[in-house]
Each structure stands twice: as structure tokens, then as C-alpha cells.
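Bear in mind that the values here come from a model prediction, so they are computed numbers and not experimental data. We count residues from 1, following the sequence as given. The figures here come from the full heavy-atom set of this structure, side chains too, leaving out hydrogens, waters and symmetry mates.
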Amino acid sequence: MTEQAPEQPHQPPQPHQPPPMTDSTAQLLTRITDRLGAQLSLVSRNGTRRPMHRTRQPDRPAEDRGPSAPSLVAVAHGSRDPEALRTAHALLDLVRDLRPGLDVRLGHIELNRPLLPDTLDGLRGAEAVLVPLLLGRGHHVKRDLPAGAAAAPDVRTRIAAPLGPHPLLVEALYGRLVEAGWDPADEGGRRAAVVLAAAGSRDPDSAQDTRRTAGMLATRLGVPVVPAYASAATPTVPAAVRALAARGRHRTFVASYFTAPGRFASACADAVPHRAAVPLGAHPAMARLVLHRYDRARSASDAALAPADAVSLLASA
């Protein structure tokens, strides 16, 4: 009789064991998990998708950024009065505060530096909108600015309308009159009046623009507003003051229809020195108006305008 082998104790069946995970498989699962986590992070609790923000790579420009805005070149007339240049810089500082990041430059038609050709020379290959710091459609706007643009063919230019007439100018004029002592009680009164003192021009369009501003200011104040001029047109400021006094308007103020101080502005103020407003200068409404003219000229056409085309904007803006 042969001896049988001892029985082995009963072992329960073992579950199936997966093969050991290789490094490449682990890496693949990690990548999948990370990607799913990133996708889930874009979903809020209510099931809507959160906006996805692009991260700009240091060596790669942002693809969704539009072309840079054209430079704003403010064109002043220029004056021998040193306050004129300081006033222009103060006004443009306000413009920069209102539109951070916008390239704002200054150019002059004469008497002050930088002259407009020098300013445009620094913008070769770029685009610019010329915004005249002038109040009507006179010779400088119709001739000098288009000529300056044509002399800078390496700059894509368009020319904005002059600052006046516009309701924002009336707002600035009113603010300066209040600073000079205008009392709201004078509004609609029988003794008060205003002389709108301007430089003057032989161009009929310029005179029309001044008259339009005078009419808008008269509506705002409820009293007569008479345009008067320092040169090239009549009446003069002293003559206008006398004519108003003859009508019983003895409380007459002079509103300075000048962008900046200068010889003409000072001469006009001398007619009523104790009730003469200062030039418009760096008034907040003026800064808003400069940007308004810039935006209108920029949106008038996507293509750079030829100088002859630019003049057509002046009457329509």
C-alpha cells in the first residue's frame, strides 16, 4: 500500500490581478487626469462655462489684440506768450488722463516748438489724427493743416474738425464765465449780456462758426451774446460793449473764445478787465472735446485720408 500525499488546505479563489502598470501608462493617465481637471475648472457650479483667459507667452504676441490706435497730434497755432505753451501742455495732460495709453503729441503751426513738421517727422511709418486746437474753419484749418499732412507722406494722416462749434465748448465757456463772476441770477436778466471775443478771420465759414457758438451760448445763458473780434472783422470788443450798454446792458461780461492766452486774448480782456473770463485752456470739457474730435475723425474712415479728402470732414463733423 502506497502512501498518499497529504491534502493541501483549501484556498479561496484569488481575484484577477491586473498586470503591473508601466511608467508610460502612468504618465498617460496623469496627463488625462490633468486635462480633465482643467476642463472641469472652466465649469461653474450652475453648469455654465466660465470665460477662458488666454495667457500670453513671453515670446508670442497676443493674437486677440487689435491694431494700436493712431497717435493724436494736437495742432496749436503758437504764441509768443509763454503761457500759451504751458496751457497747451496742461490741456494735453488732461487728455492723457482721460485716455491712458493713447499717444498724444503736440505740434504748432508757427512761433512755438515743436512745429507740426517736426512732430510728424517723429511718426514716420505710423498713423496719426491731427486735431486742431482751433475754434473755427479758418485759413489754418483749411490750408495749413492739409499742407502739413501732405508734406509728411510717410505718415498716414487724417484731419479732425476744429473744436468749434460744439456744446462742449459752450460748457467750457460757461465754466470760465462763472469763474469770472457770472452769477446764475444774471441768466435771463435785463441788464446782463456777454461779448464772445474771438480772434477774427476773413473766412466767412470761420465767422459763421463763431456766430453759431454765440447763439448756443445765448440759449444757455438767456441773455444776448454778441460776437466781437480782435482782428480782421467787426465789431471790436470795445465797440460791442458800448453797443450793449446803449441797450441798457450795463452788466456785460467778456467770454474769451481763445484756446490759450496770447496777445489777442489779452487785448480783448482789457475792454472789461473786471468781468473778462480767461481763455478756455485746460478746462475738462475741452479735453473731452479734443477726444471727441479725434474719435469722430478716426471712425470716419478705416483708411487713411488724403489731405483733400480730410477737408471734407471739416464741414460734416
Undergrad: How long is the span from the NE2 atom in H139 to the CD1 atom in I109, to the nearest 0.5 Å?
TA: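 If I round to the nearest 0.5 Å, the distance is 9.0 Å.
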Undergrad: How far does CE of M286 sit from CG of L92, to the nearest 0.5 angstrom?
TA: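 If I round to the nearest 0.5 Å, the distance is 10.5 Å.
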Undergrad: Once side-chain contact (heavy atoms from CB on, under 4.5 Å) is applied, do any residues pair with A282, and if so which ones, sequence neighbours excluded?
TA: A90, L91, L94
Undergrad: Is V95 linked to L106 within one hydrophobic cluster, defined over Ile, Leu, Val, Met, Phe, Trp and Tyr using a side-chain heavy-atom separation of less than 4.5 Å?
TA: yes
Undergrad: Around R190, counting heavy atoms of other residues, nucleotides and ligands shown, do more than 12 lie under 6.0 Å from its CZ?
TA: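 12 or below, so no.
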Undergrad: Show which side-chain atoms of residues 166-176 pair as donor or acceptor with protein atoms under 3.5 Å away, not counting sequence neighbours.
TA:
residue, atom, partner, partner atom, Å
H166, ND1, L168, N, 3.0
E171, OE2, R288, NH1, 3.1
Y174, OH, E187, OE2, 2.8
R176, NE, P279, O, 3.3
R176, NE, L280, O, 3.2
R176, NH1, E179, OE1, 3.1
R176, NH1, E179, OE2, 3.1
R176, NH2, L280, O, 2.8

Undergrad: Can you give the donor-acceptor pairs under 3.5 Å from side chains of residues 69-77 to other protein atoms, not counting sequence neighbours?
TA:
residue, atom, partner, partner atom, Å
S71, OG, D103, OD2, 2.6
H77, NE2, E110, OE2, 3.0
H77, NE2, H140, NE2, 3.3

Undergrad: Determine which pairs satisfy side chain to side chain donor-acceptor pair (under 3.5 Å) with at least one residue from residues 210-219, sequence neighbours left out, and list them in order.
TA: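 The answer is T213-Y257.
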Undergrad: Side-chain contact, heavy-atom cut-off 4.5 Å: L163 with L134?
TA: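 L163 does not reach L134 side chain to side chain.
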Undergrad: In terms of hydrophobic clustering (I, L, V, M, F, W, Y; side-chain heavy atoms under 4.5 Å; direct or indirect links), are V131 and L116 co-clustered?
TA: no
Undergrad: Sequence neighbours left out, what pairs pass side chain to side chain donor-acceptor pair (under 3.5 Å) with at least one residue falling in residues 259-277?
TA: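 Side chain to side chain donor-acceptor pair (under 3.5 Å) check on residues 259-277 returns no pairs.
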Undergrad: Would you mind listing every side chain to side chain donor-acceptor pair (under 3.5 Å) that reaches into residues 225-254, with sequence neighbours excluded?
TA: D186-R251
Undergrad: Could you state the interatomic distance from CZ (R124) to CG (D154), rounded to the nearest 0.5 Å?
TA: 5.5 Å
Undergrad: Within this structure, what is the CG-CZ distance for the pair L217 and R220, rounded to the nearest 0.5 Å?
TA: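 One finds 8.5 Å between CG of L217 and CZ of R220.
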Undergrad: If hydrophobic clusters are built from ILVMFWY residues whose side chains come within less than 4.5 Å, do L145 and L120 share one?
TA: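 Cluster IDs for L145 and L120 match.
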